Novice: 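Here's a structure for you.
Predicted, not measured: the structure shown is a model, and the values here were computed from it.
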Amino acid sequence: MTAEKPEPSAPAPTDFIRDIVAAHVAEHRYPRIVTRFPPEPNGYLHIGHAKSICLNFGIARENRGQCNLRMDDTNPTKEDVEYVESIIADVQWLIAGWADHCLGFKLKGQTPEMRPVDGQPDFYLAATAAMPGGAPPSALALEPFYASDYFGQIYDYALTLIRKGQAYVCDLSPEETERYRGSPDQPGMDSPFRGRTVAQNLDLFQRMKAGEFPNGARTLRARIDMTAPNIWLRDPVIYRIRHAEHHHTGAAWCIYPMYDFAHCLSDYIEGVTHSICTLEFEVHRPLYDWILTSLDLPRPLPHQYEFARLNVGYTVMSKRKLLQLVQEKIVNGWDDPRMPTICGLRRRGVPASALRDFAYNIGVTKFDSLTDVAVLEHSIREELNQSALRRLAVLRPVKVVLTNIPAGDVIPCTAINHPANDAAGTRPLALTREVFIEADDFQENPPPKYFRLRPGGEVRLKYACIIKCDEVVKDAAGQLVELRCTADLASRTGGPNAGRKIKGTIHWVSAVQAIDAEVRLYDRLFTVPEPGAGADFKEFINPHSLETVTAKLEPPLRTARIEERYQFERLGYFTLDADSRPDHLVFNRTITLKDAWAKAPGAK
RNA sequence: UGCCCGAUGGUGUAAUGGUAGCACAACGGACUCUGACUCCGUUUGUCUAGGUUCGAGUCCUAGUCGGGCAGCCA
């Protein structure tokens with residue numbers, strides 16, 4: 001069980017984009033605020049997307065608006081349903097209980113309807129009513145929006161542009177197109193096909209659609225200005241020929257619109273008001289606006305706003321690099337708990353609320369920054385400290401024999417489930433003659449200020465009693481076999497000497513009752529703050545990013561379930577892994593507790 | 001050397017012409033049956049040079065540094 005914490009009552013975030021939205025709300029510029037989260041289904045979502053999701057859904061949520069989930073699927077050669085499914089699941093998980101009422105989905109199979117505005121033809125596709133929290137969209141015959149659902153309308157818009165003389169079919173090869181484009185400090189040259197008549201263009205474009213030409217033979221280009229200082233205004237390609245099966249539209253098309261042409265129109269069709277994207281699209285904004293204004297559309301136009309993408313220390317964020325980690329089996333799949341993917345973080349045990357808190361803390365600006373992982377770690381610990389139930393577990397067991405407790409005796413103890421939440425209750429623990437303690441909690445020749453167990457020293461077994469180390473038993477090779485100690489039963493919790501002052505308190509489990517579990521201890525995947533900065537990020541892979549141990553757990557952990565998160569006292573936060581089976585438990589360490597001792601000069 | 005964008009402690013962010021604040025990190029202390037949590041405290045900042053103004057982190061000009069843009073990718 002996990003104690004539910006209400007969403008932090010932090011004040012609503014502010015940032016330059018929310019300021020803009022607030023101003024628009026104040027002047028009633030739009031009847032309703034509509035944002036969208038438009039991933040291309042060619043990879044798994046990562047924590048950088050989480051920032052965008054929290055921004056877009058956050059704005060919708062704060063303004064009683066809606067945020068459409070839209071597959072930006074205009075390139076059939078790179079996309080796959082595997083990715084659309086994972087994207088839907090990740091988004092729903094991230095916003096569950098927070099913004100699911102703002103999530104815009106549509107009826108399955110629905111496409112834009114022709115709805116004249118003031119006598120002018122217009123295409124529009126509204127989201128259906130709000131989704132009940134967490135329900136799989138398929139169960140309700142709902143699905144996300146797809147840019148590919150608008151191919152028909154986008155094609156019509158292209159025809160309109162051609163008729164207005166603002167688009168033409170160009171026969172230049174890819175190489176020639178590049179050459180004609182010029183360079184940033186060198187103006188481009190007009191394509192020799194720029195002067196084709198409307199009739200020729202219409203004919204050629206329709207034949208492109210009909211499949212008469214091979215890949216790359218022709219393109220449709222916007223006719224803007226080959227000498228524009230902004231390269232994206234130098235007659236950009238807006239349609240290309242691709243004889244390829246599309247994951248959503250099948251074989252219906254062999255020409256596909258480019259991002260710039262499809263994106264602004266998709267926003268318009270869905271009635272998006274604020275189209276929020278990352279900084280690299282800033283130079284595309286004039287084109288976004290050019291397309292929309294060129295079409296004389298009857299409804300209010302969406303506008304694009306840009307913010308800086310997220311960078312986090314000691315990780316990589318590019319889809320290409322993440323894909324490489326997966327394909328080269330450096331990690332075990334997209335949801336490997338070391339991955340910065342949403343499903344990886346989820347599997348690792350990071351709660352969605354921690355990711356939201358993180359997004360809240362880092363803010364939104366146009367500054368290209370590198371966020372310290374400590375900020376993420378802080379959000380995770382803060383959330384888990386409040387919600388995770390406490391348990392005792394020993395990762396690297398050392399046997400302790402309590403010589404004054406007869407074998408077979410069971411001394412009942414009571415452990416608190418959550419120190420800050422009485423309602424979480426207590427649970428019984430059994431103190432027996434043999435227990436395990438953590439290897440780190442005993443040292444034969446300890447450094448100064450070490451207040452755990454040492455020969456002749458005392459330490460408290462949490463929730464049980466104080467023990468004194470009488471004897472260190474080693475084998476012929478000098479390896480530690482067991483510690484023989486005496487238990488001061490009068491110091492038992494609730495006993496007459498319970499208040500006896502002792503500096504160290506350590507965790508333990510009963511050797512006879514403890515259950516075994518595989519525990520996976522994760523560390524950062526890279527050894528340097530910016531692994532992606534150099535030529536080859538793989539040379540910075542941390543060889544110790546995963547360590548597996550066989551731990552001893554207190555028995556109630558046998559019934560732990562996925563998505564339940566526990567604090568193993570003094571160690572960190574842990575959660576059951578999907579690989580776990582009843583006869584072979586597997587736990588992931590989400591994150592360690594902060595450890596002031598580990599930083600102390602005396603600690604090894 | 002074309003166009004666009006940015007620059008506030010170690011890191012991230014706020015201050016919207018009027019006392020440079022918050023978070024993380026670091027460091028010190030208190031508390032502690034988790035070396036956790038919590039609490040208290042400390043250190044560290046407006047890229048540079050001019051200008052406007054009673055007053056500039058904020059406005060203007062120039063420079064410096066950083067990022068983005070030349071896919072028939074998004």
Novice: Using whole Å, what does the distance between atom P of nucleotide B:G12 and atom CZ of A:F307 come to?
Specialist: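 It works out to 17 Å between those atoms.
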Novice: Can we say A:K366 and A:E282 salt-bridge, meaning some charged N sits less than 4.0 Å from an Asp/Glu carboxylate O?
Specialist: yes
Novice: Give me the distance, rounded to whole Å, that separates B:U44 from B:A56 when you measure between the P atoms they each carry.
Specialist: 24 Å
Novice: How many Å lie between CD on A:E282 and P on B:C5, as a whole number?
Specialist: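 A:E282 atom CD is separated from B:C5 atom P by 7 Å.
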Novice: Under a 4.0 Å threshold between the charged nitrogen and the carboxylate oxygen, would A:R36 count as salt-bridged to A:E270?
Specialist: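 So A:E270 does not pair with A:R36 through a salt bridge.
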Novice: At 4.0 Å (heavy atoms only), tell me whether A:N385 reaches a base, stays on the sugar-phosphate, or touches nothing.
Specialist: sugar-phosphate
Novice: Taking B:C22 as the reference, what is the distance to B:A70 when you measure between their C1' atoms (whole Å, please)?
Specialist: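 The answer is 42 Å between these two C1' atoms.
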Novice: Whole angstroms only, please: what is the CZ-P distance between A:R460 and B:C33?
Specialist: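 Spelled out: CZ on A:R460 to P on B:C33 is 7 Å.
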Novice: Taking only N and O in the side chain of A:R570, is any of them less than 4.0 Å away from OP1 or OP2 of B:G35?
Specialist: yes
Novice: State whether A:K594 places a side-chain N or O below 4.0 Å from either non-bridging phosphate oxygen (OP1 or OP2) of B:C37.
Specialist: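 For B:C37, OP1 or OP2 has a side-chain N or O of A:K594 closer than 4.0 Å.
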Novice: Indicate, with a heavy-atom threshold strictly under 4.0 Å, whether A:I362 touches base, sugar-phosphate, or nothing.
Specialist: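 If one applies the 4.0 Å heavy-atom cut-off, A:I362 turns out to touch the sugar-phosphate alone, with no base involved.
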Novice: Dot-bracket for RNA chain B, 5' to 3', counting Watson-Crick or G-U wobble pairs under 3.5 Å, with [ ] for crossing pairs and | for inter-strand pairs?
Specialist: .((((((..((((....[..)))).(((((.......)))))....(((((..]....))))))))))).....
Novice: Under 4.0 Å, counting only non-hydrogen atoms across every strand here, what does A:F261 touch: a base, just sugar-phosphate, or nothing?
Specialist: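 Since no nucleic acid heavy atom lies under 4.0 Å of A:F261, the category is nothing.
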Novice: Using 0.5 Å steps for rounding, measure from the NZ atom of A:K503 to the NZ atom of A:K449.
Specialist: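 Nearest 0.5 Å value for the NZ-NZ distance: 10.0 Å.
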Novice: For atom P, what is the distance between B:U11 and B:G18, given to the nearest Å?
Specialist: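 These two P atoms come out 27 Å apart once rounded.
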Novice: Say whether A:D267 and A:Y288, considering side chains only, have a donor N or O and an acceptor N or O under 3.5 Å apart.
Specialist: yes
Novice: For B:G66 and B:U8, measure between their C1' atoms and round to the nearest Å.
Specialist: 15 Å
Novice: Please tell me if A:K366 has a side-chain N or O lying less than 4.0 Å from either OP1 or OP2 of B:G68.
Specialist: no
Novice: Among the candidates B:A25, B:A70, B:U13, find the nucleotide nearest to the side-chain atoms of A:T365.
Specialist: B:U13
Novice: How close or far is atom P of B:U13 from atom CG of A:D372, stated in whole angstroms?
Specialist: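 Rounded to the whole Å, the gap is 12 Å.
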Novice: Does B:G21 sit syn or anti, given that only angles within 90° of 0 count as syn?
Specialist: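 In terms of base orientation relative to the sugar, B:G21 is anti.
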Novice: May I have the distance from A:L370 (atom CG) to B:U13 (atom P), rounded to whole angstrom?
Specialist: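 The answer, rounded to whole Å, is 11 Å.
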Novice: State which of B:U13, B:A36, B:U1 makes the closest approach to the side chain of A:F367.
Specialist: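 Selected nucleotide: B:U13.
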Novice: The side chain of A:D368 lies closest to which of these nucleotides: B:G67, B:C5, B:U13?
Specialist: B:G67
Novice: Heavy-atom distance under 4.5 Å between the side chains of A:Y155 and A:I255, does that happen here?
Specialist: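 The answer is yes; the side chains approach within 4.5 Å.
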Novice: Can you tell me how far the CD atom of A:Q443 sits from the CZ atom of A:R454, to the nearest 0.5 Å?
Specialist: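 So the CD of A:Q443 and the CZ of A:R454 are separated by 9.0 Å.
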Novice: For the residue pair A:D185 / A:S183, report whether a side-chain donor-acceptor contact shorter than 3.5 Å exists.
Specialist: yes
Novice: What distance, rounded to whole Å, do you find between the two P atoms, one in B:C60 and one in B:C37?
Specialist: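 Comparing P positions in B:C60 and B:C37 gives a spacing of 45 Å.
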Novice: Should the pair A:K78-A:E40 be classified as a salt bridge under the 4.0 Å nitrogen-to-oxygen rule?
Specialist: no
Novice: Is A:T371 near enough to B:G12 that one of its side-chain N or O atoms lies under 4.0 angstrom from OP1 or OP2?
Specialist: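 No.
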Novice: Can you tell me, in whole Å, how much space there is between the P of B:G17 and that of B:U58?
Specialist: 12 Å
Novice: If I pick the C1' atom on B:A26 and the same atom on B:G12, what distance separates them, to the nearest angstrom?
Specialist: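 Pairwise C1' distance, B:G12 against B:A26, rounds to 15 Å.
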Novice: Do A:R391 and A:Y566 form a cation-pi contact, if we require the NZ or CZ to be under 6.0 Å from the six-membered ring centre and within 45 degrees of the ring's axis?
Specialist: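 The answer is no, since A:R391 fails at least one limit relative to A:Y566.
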Novice: Starting at atom CG of A:D235, determine the distance to atom P of B:A70, rounded to an integer number of angstrom.
Specialist: 16 Å
Novice: Which nucleotide in the list B:U34, B:C69, B:C24 gets nearest to the side chain of A:H378?
Specialist: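 Ranking B:U34, B:C69, B:C24 by closest atom to the A:H378 side chain puts B:C24 first.
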Novice: Expressed in whole Å, how much space separates the C1' atoms belonging to B:C40 and B:G45?
Specialist: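 Roughly 24 Å separates the two C1' atoms.
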Novice: List, with names and distances, any nitrogen or oxygen atoms from the protein found under 3.5 Å away from nitrogen or oxygen atoms belonging to nucleotides 72-74 of chain B.
Specialist:
unit_1 : atom_1 : unit_2 : atom_2 : d
B:C72  : OP1    : A:R181 : NH2    : 3.3
B:C72  : OP2    : A:R181 : NH1    : 3.2
B:C72  : N3     : A:G216 : O      : 3.4
B:C72  : N4     : A:L172 : O      : 2.7
B:C72  : N4     : A:P174 : N      : 3.3
B:C72  : N4     : A:G216 : O      : 3.1
B:C73  : OP1    : A:R242 : NH2    : 2.8
B:C73  : OP2    : A:R240 : NE     : 3.0
B:C73  : OP2    : A:R240 : NH2    : 2.8
B:C73  : OP2    : A:R242 : NH2    : 2.2
B:C73  : O3'    : A:R240 : NH2    : 3.1
B:C73  : O2'    : A:N75  : ND2    : 3.0
B:A74  : OP1    : A:T74  : OG1    : 2.6
B:A74  : OP1    : A:R240 : NH1    : 3.3
B:A74  : OP1    : A:R240 : NH2    : 2.9
B:A74  : OP2    : A:Y259 : N      : 2.9
B:A74  : O3'    : A:D72  : OD2    : 2.8
B:A74  : N6     : A:H284 : NE2    : 3.2

Novice: Test side chain to side chain contact (heavy atoms under 4.5 Å, CB included) on A:F574 and A:L553; report intermediate values, then the result.
Specialist: CA-CA 12 Å; A:F574 295 78; A:L553 316 182; over 6 Å; no
Novice: Using whole Å, what does the distance between atom C1' of nucleotide B:C37 and atom CG of A:N421 come to?
Specialist: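 Rounded to whole Å, this separation is 14 Å.
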Novice: Would A:K462 and A:W508 count as a cation-pi pair here, with the cationic atom under 6.0 angstrom from the ring centre and within 45° of the axis?
Specialist: no
Novice: Test A:F307 against every option in A:V364, A:D15, A:T365 by the side-chain contact (heavy atoms from CB on, under 4.5 Å) rule and name the one that passes.
Specialist: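 The residue from A:V364, A:D15, A:T365 that satisfies side-chain contact (heavy atoms from CB on, under 4.5 Å) with A:F307 turns out to be A:V364.
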Novice: Assign each of A:L461 and A:T14 to its nearest nucleotide of RNA chain B by heavy atoms, then name whichever residue's nucleotide is nearer the 5' end.
Specialist: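 Final value for this comparison: A:T14.
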Novice: Could you state the atom-to-atom distance from CD of A:E176 to P of B:G71 in whole Å?
Specialist: 15 Å
Novice: When you match A:N230 and A:Y463 each to their closest nucleotide on RNA chain B, which lands nearer the 5' end?
Specialist: A:N230
